[in-house]
Peer 1: 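Okay, here's the structure, questions in a sec.
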Amino acid sequence: MPAEEPCTPGAPGAQRSERAPGREPRVPSQLLPELYTFVARVLFYLAPVYLAGYLGLSITWLLLGALLWMWWRRNRRGKLGRLAAAFEFLENERQFISRELRGQHLPAWIHFPDVERVEWANKIISQIWPYLSMIMENKFREKLEPKIREKSTHLRTFTFTKLYFGQKCPRVNGVKAHTNQCNRRQVVLDLQICYIGDCEISVELQKIQAGVNGIQLQGTLRVILEPLLVDKPFVGAVTVFFLQKPHLQINWTGLTNLLDAPGINEVTDSLLEDLIAAHLVLPNRVTVPVKKGLDLTNLRFPLPCVSMHW
C-alpha cells in the first residue's frame with residue numbers, strides 16, 4: 001500500500017485537521033450583559049412611541065415630553081456641576097485664588113481692605129462642626145418632629161428617616177467690624193457667610209419619601225451685640241439678620257426631585273428665599289436675649305440713628 005503523504009501547512013487537509021470537529025465559535029460571556037442592556041434601553045426608549053401610537057396621541061405630545069425631559073436632564077447636570085465646582089473651591093481655596101487672582105469672583109477681603117479674613121474662626125467651626133451636627137440632629141428629632149406632627153392630623157406619620165449634616169461646614173469668608181460713634185453700647189459685625197453643604201436630610205410621610213441632598217447658601221449676615229453691660233454676661237442680647245436676600249440653591253431628592261424640573265426649580269428656590277426674607281432679611285430681624293429680664297422692644301424695633309456732623 002502506498003504510504004500516506006504528510007499534510008503541509010498550505011494543504012486543504014491541514015485546515016480540516018486544525019478545526020476541531022463539532023466546535024463552533026462562541027460569543028464571549030462579557031458581551032452578553034452589554035447586549036441585554038442595549039436591548040433593554042432600546043425597548044425603554046421605544047415604549048413611549050408605542051404607547052403614543054396605541055393611545056392615538058399626536059406626535060407633538062411625544063416631542064414635547066422629550067424636550068422637557070432633555071431640559072430637566074440638562075438642568076440637573078448643571079446643578080450637580082455647580083455643586084462639584086463649589087466643593088473643589090472649598091478644598092483647594094488657596095490654589096483657586098492664586099489661579100484666579102485677576103478674575104472678578106474673589107473673596108471680599110481681597111477687594112475691600114476693611115474686610116478682614118478670619119481663618120482662625122473657620123478652623124474653630126470646622127473643629128466643633130461634628131458636635132453641632134449631633135446637637136442639631138437631636139433638636140430635629142426631639143422638638144421639630146413633634147411640632148410638625150401636631151400641626152395637622154395628616155402629618156402624624158411625619159418622620160425624619162435620615163439626618164446627616166455632612167462634613168462640609170459653613171465658612172466665614174470675611175468680617176467687617178463697624179465702629180459706630182452714635183451708639184457705643186453695641187458691637188456690629190458683618191459676616192460673609194458661605195455654606196456649601198453635603199448634607200442629606202430625608203423625610204417620610206405616609207410612605208412618601210422626600211428630602212434634600214446638598215444646599216448652597218451665600219449672603220452677608222449682620223450680628224449686633226447690644227447692649228454692652230458692665231457685669232456678666234457682658235452682652236444683653238444678640239440680634240442677627242441678612243442685609244440682603246441671600247442666594248439659596250437646593251438639590252432635592254425623592255419625590256421632591258420633581259422640583260428640579262426646568263422652570264420649577266427657580267420658582268421653588270425663589271419661594272424659599274422669600275420665606276427667609278420674611279424672617280431674617282432687613283427690616284426683619286431675630287433677637288435672642290442673653291440676660292434674663294431684658295426688655296427687647298428697642299432691640300427688635302430700633303429707632304434710626306442719625307449722626308450729626310458739625
Side-chain angles (χ1 to χ4, degrees), residues 83 86-87 90-91 118-151 155-175 187 189-205 209-226 232-242 246-254 256 272-273 275-281 284-294 296 299-300:
L83 280 174
F87 287 148
L90 284 179
E91 295 175 356
V118 286
E119 195 62 30
W120 57 270
N122 293 323
K123 292 180 180 179
I124 295 176
I125 296 174
S126 177
Q127 191 73 14
I128 65 176
W129 181 248
Y131 304 95
L132 292 178
S133 300
M134 296 175 61
I135 295 174
M136 289 188 293
E137 180 178 354
N138 294 333
K139 295 294 183 181
F140 271 57
R141 295 192 183 278
E142 296 177 1
K143 293 188 176 182
L144 183 59
E145 185 175 304
K147 288 183 178 180
I148 294 177
R149 291 179 177 179
E150 293 174 357
K151 292 292 183 180
L155 299 176
R156 290 181 179 178
T157 59
F158 180 87
T159 307
F160 285 103
T161 57
K162 185 175 183 179
L163 284 173
Y164 174 67
F165 291 93
Q167 299 180 353
K168 306 294 183 180
C169 61
R171 289 181 54 84
V172 181
N173 289 334
V175 175
V187 177
L189 302 175
D190 287 344
L191 309 180
Q192 296 183 358
I193 304 298
C194 176
Y195 176 55
I196 306 174
D198 55 345
C199 61
E200 297 181 16
I201 302 176
S202 300
V203 300
E204 182 178 353
L205 178 62
Q209 299 285 339
V212 172
N213 183 14
I215 299 176
Q216 290 191 44
L217 178 66
Q218 295 179 357
T220 302
L221 182 69
R222 172 161 292 186
V223 180
I224 302 178
L225 309 176
E226 68 170 335
K232 294 186 296 183
F234 305 108
V235 175
V238 179
T239 302
V240 295
F241 55 88
F242 283 99
H247 171 71
L248 178 66
Q249 189 171 357
I250 299 177
N251 187 24
W252 302 98
T253 59
T256 50
L272 291 175
E273 290 177 359
L275 182 62
I276 296 176
H279 296 84
L280 275 175
V281 178
N284 303 299
R285 56 180 64 198
V286 175
T287 302
V288 180
V290 178
K291 185 177 181 180
K292 296 181 179 180
L294 183 67
L296 303 179
L299 300 180
R300 291 176 176 172

Peer 1: Looking only at non-hydrogen atoms, find the nearest pair between P289 and A237 and report the distance.
Peer 2: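 Heavy atoms of P289 and A237 come nearest at CA-CB, 3.9 Å.
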Peer 1: Taking side-chain contact (heavy atoms from CB on, under 4.5 Å) as the criterion, tell me which of T157, L144, T159 meets it with R149.
Peer 2: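 By the side-chain contact (heavy atoms from CB on, under 4.5 Å) criterion, R149 pairs with just one of T157, L144, T159: T159.
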Peer 1: With a 4.5 Å limit on heavy-atom distance, are the side chains of F241 and N284 in contact?
Peer 2: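 No; the side chains remain at least 4.5 Å from each other.
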Peer 1: Under a 4.5 Å cut-off applied to non-hydrogen side-chain atoms, are V212 and N251 in contact?
Peer 2: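 No; the side chains remain at least 4.5 Å from each other.
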Peer 1: Calculate, to the nearest 0.5 Å, the distance between atoms CG and SG belonging to D198 and C169 respectively.
Peer 2: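 Answer rounded to 0.5 Å: 10.0 Å.
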Peer 1: Answer whether the closest heavy-atom distance between the side chains of P170 and W129 falls below 4.5 Å.
Peer 2: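 The answer is yes, as the side chains (C-beta and beyond) meet within the 4.5 Å cut-off.
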Peer 1: Would E119 and K123 satisfy salt bridge (charged side-chain N to carboxylate O under 4.0 Å, His left out), going step by step from the backbone distance to the final call?
Peer 2: CA-CA 6 Å; E119 195 62 30; K123 292 180 180 179; over 6 Å; no
Peer 1: Is atom CZ of R156 surrounded by more than 12 heavy atoms (other residues, nucleotides or ligands) closer than 6.0 Å?
Peer 2: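 Not buried by this count: 12 neighbours or fewer within 6.0 Å.
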Peer 1: If you draw a 6.0 Å radius around CE in M134, do more than 12 non-hydrogen atoms from other residues or ligands fall strictly inside?
Peer 2: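 Count not over threshold, so no.
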Peer 1: Just by distance, do the side chain of R285 and the backbone of T239 share a donor-acceptor pair under 3.5 Å?
Peer 2: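 Pair absent, no side-chain N/O of R285 close to backbone of T239.
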Peer 1: Determine whether more than 12 heavy atoms belonging to other residues, nucleotides or ligands lie under 6.0 Å from atom NE2 of H279.
Peer 2: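 Atom NE2 in H279 is not crowded, with 12 or fewer foreign heavy atoms closer than 6.0 Å.
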Peer 1: Would you mind writing out the side-chain donor-acceptor pairs for residues 218-225 within the sub-3.5 Å range, not counting sequence neighbours?
Peer 2:
from: R222; atom 1: NE; to: D190; atom 2: OD1; distance (Å): 2.7
from: R222; atom 1: NH2; to: H178; atom 2: NE2; distance (Å): 3.4
from: R222; atom 1: NH2; to: D190; atom 2: OD1; distance (Å): 3.4
from: R222; atom 1: NH2; to: D190; atom 2: OD2; distance (Å): 3.0

Peer 1: Apply the test salt bridge (charged side-chain N to carboxylate O under 4.0 Å, His left out) to residues K162 and E204: give CA-CA distance (whole Å), side-chain angles for both, the deciding distance (0.1 Å), then the verdict.
Peer 2: CA-CA 9 Å; K162 185 175 183 179; E204 182 178 353; over 6 Å; no
Peer 1: Does the side chain of K168 come within less than 4.5 Å of I196's, by heavy atoms?
Peer 2: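 Side-chain contact under 4.5 Å: no.
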